[in-house]
Amino acid sequence: MDNPEIELPPNRLGKLDVGGAVGSEGFLYVLRDVGYGYPYSSTIELVSGEIGDDLTHYLVTSEQTPSALVLGVFVDSVGVQAAGGILLQVLPKAATDEELVRTLESRIGSLSGFTPLLRQRQTLPEIFEHLIGDMGLRILPETQLVRFQCSCSLERVLGALKLFGVEELQDMILTDGGAEAKCEFCSEVYQATPDHLNQLIKDLQQDTGSAPRVRQASILF
Ligand SMILES: [Zn+2]
């Protein structure tokens, strides 16, 4: 986003106007690292600028999984008072059951918002009970709290920097006095000192049968 500090009045429903701030012209870029080698990436046009709507559209069209994502955040003058979300997905065998999909759509559509439920101190199991309790809802004992975590580290940054090769690393030391890398996922900034880079150079010089040098490397971790 070009203007991340934007502030807009609430939309006509009295909610944060995320769609107005993001706009509906543009693309949603999704990078998914499912733990097998290179991350899977795809691009899809925005439909509304609202995060829940656009991610739902991505899941339905790109991954072809009937899905509904409801997100909410309630902010007052003190800060964020409640935030959360529900992702409902129909497993492949049930995806052909049009009536089931229709029923779920209308139930999700009947939610007037997610944060009012959280602010009423409803727990997620209570919300699910209310939403699909009559459809054989079973809450598994192995629940897991979702948390944000990024697998980036200085070691991975140094591993990526090594791909630049001896000459460019020497140039980074001489010209910039080191190197800086920012993780695209969590925005953590890593500093590689001249000592780090000298060590990489040493490693590269010791590597036998030196591999062809890559002048440009896209750093993804
Ligand atoms: Zn990161």
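Numbers here simply count residues along the sequence, with the first being 1.
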If you define the side chain from C-beta out and look only at heavy atoms, does anything of T103 sit under 4.5 Å from V101?
no

Nearest 0.5 Å, what's the CD-CG distance between Q170 and L200?
11.5 Å

Tell me whether D195 contacts the main-chain N or O of N198 through its side chain, where contact means a donor paired with an acceptor under 3.5 Å.
no

Donor on one side chain, acceptor on other, T65 and Q89, under 3.5 Å
no

Contact summary for V166 and Q205, nearest pair of heavy atoms
CG1-NE2, 4.0 Å

If Ile, Leu, Val, Met, Phe, Trp and Tyr residues are connected whenever their side-chain heavy atoms lie under 4.5 Å apart, and connections chain through other members, are I44 and V47 in the same group?
no

For T43 and V30, what are the C-alpha separation, side-chain angles and deciding distance, and is it a side-chain contact (heavy atoms from CB on, under 4.5 Å)?
CA-CA 6 Å; T43 306; V30 179; over 6 Å; no

side-chain contact (heavy atoms from CB on, under 4.5 Å) evaluation trace for K182 with S187:
CA-CA 6 Å; K182 186 174 166 190; S187 298; 3.8 Å; yes

Listed once per pair and sorted, the salt bridge (Lys or Arg N to Asp or Glu O under 4.0 Å) pairs that draw on residues 50-64, sequence neighbours left out:
R32-E63

Answer with yes or no whether the hydrophobic clustering places L87 together with V60; edges join I, L, V, M, F, W, Y residues whose side-chain heavy atoms lie under 4.5 Å apart.
no

Residue Q120 excluded, over 12 heavy atoms near CD under 6.0 Å
yes

Heavy-atom side-chain proximity of L31 to F185 below 4.5 angstrom
yes

Considering non-hydrogen atoms only, spot the tightest contact between T115 and G72 and give its length.
CG2-C, 3.4 Å

Can you find a pair of side-chain heavy atoms, one from M172 and one from L161, that are under 4.5 Å apart?
yes

What distance separates S153 OG from Y190 OH, expressed to the nearest 0.5 Å?
6.0 Å

So does D134 pair up with R107, basic N to acidic O under 4.0 Å?
yes

What pair of heavy atoms forms the shortest contact from L118 to G84, and how long is it?
CD1-N, 3.7 Å

Rounded distance (nearest 0.5 Å) linking atom CG of L55 with atom OG of S62:
11.0 Å

Roughly how far apart are L197 CG and F164 CZ, rounded to 0.5 Å?
11.0 Å

Nearest heavy-atom neighbours spanning D76 and V78:
OD1-N, 2.8 Å

Residue pair T61 / H57: nearest heavy atoms and the distance that separates them:
OG1-O, 2.6 Å

Same apolar cluster (I L V M F W Y, side chains within < 4.5 Å links), L117/V75
no

Side-chain contact, heavy-atom cut-off 4.5 Å: L124 with E126?
no

Please find the pair of heavy atoms, one from L158 and one from A192, that lie closest to each other, and give the distance.
CD2-CB, 3.9 Å

For L71, give me all partners under side chain to side chain contact (heavy atoms under 4.5 Å, CB included), at least two apart in sequence or on another chain.
I51, L69

What verdict does the side-chain contact (heavy atoms from CB on, under 4.5 Å) test give for Y58 and S67, after you've listed the backbone C-alpha separation in whole Å, the side-chain angles of each residue and the deciding distance to 0.1 Å?
CA-CA 9 Å; Y58 161 78; S67 310; over 6 Å; no

Answer with yes or no whether the side chains of Q199 and D203 bring together a donor and an acceptor at under 3.5 Å.
yes

Gap between atom CD of E168 and atom CG of L163 - 0.5 Å precision:
11.0 Å

Do you reckon L111 sits in the same ILVMFWY cluster as F74, going by side-chain contacts under 4.5 Å, direct or chained?
no

Kindly check if the number of other-residue, nucleotide or ligand heavy atoms within 6.0 Å of CG (L140) is above 12?
yes

Hey, is the main chain of T193 close enough, under 3.5 Å, to the side chain of H196 for a donor-acceptor pair?
yes

To the closest 0.5 Å, what do you measure between CD (E45) and CD (E25)?
9.0 Å

Between D97 (side chain only) and L100 (backbone N and O only), is there a donor and an acceptor less than 3.5 Å apart?
yes

Heavy-atom check, side chain of F114 versus side chain of I86, under 4.5 Å:
yes

So, do T56 and V70 sit near enough that their side-chain heavy atoms are less than 4.5 Å apart?
no

Common cluster, I127/M135, ILVMFWY with side-chain heavy-atom separation under 4.5 Å
yes

Between F148 and C186, is any pair of side-chain heavy atoms under 4.5 Å apart?
yes

Answer yes or no: is there a donor N or O on one side and an acceptor on the other, between the side chain of R156 and the main chain of S151, under 3.5 Å?
yes

Would you say the side chain of L88 lies within less than 4.5 Å of the side chain of F128, judging by non-hydrogen atoms?
yes

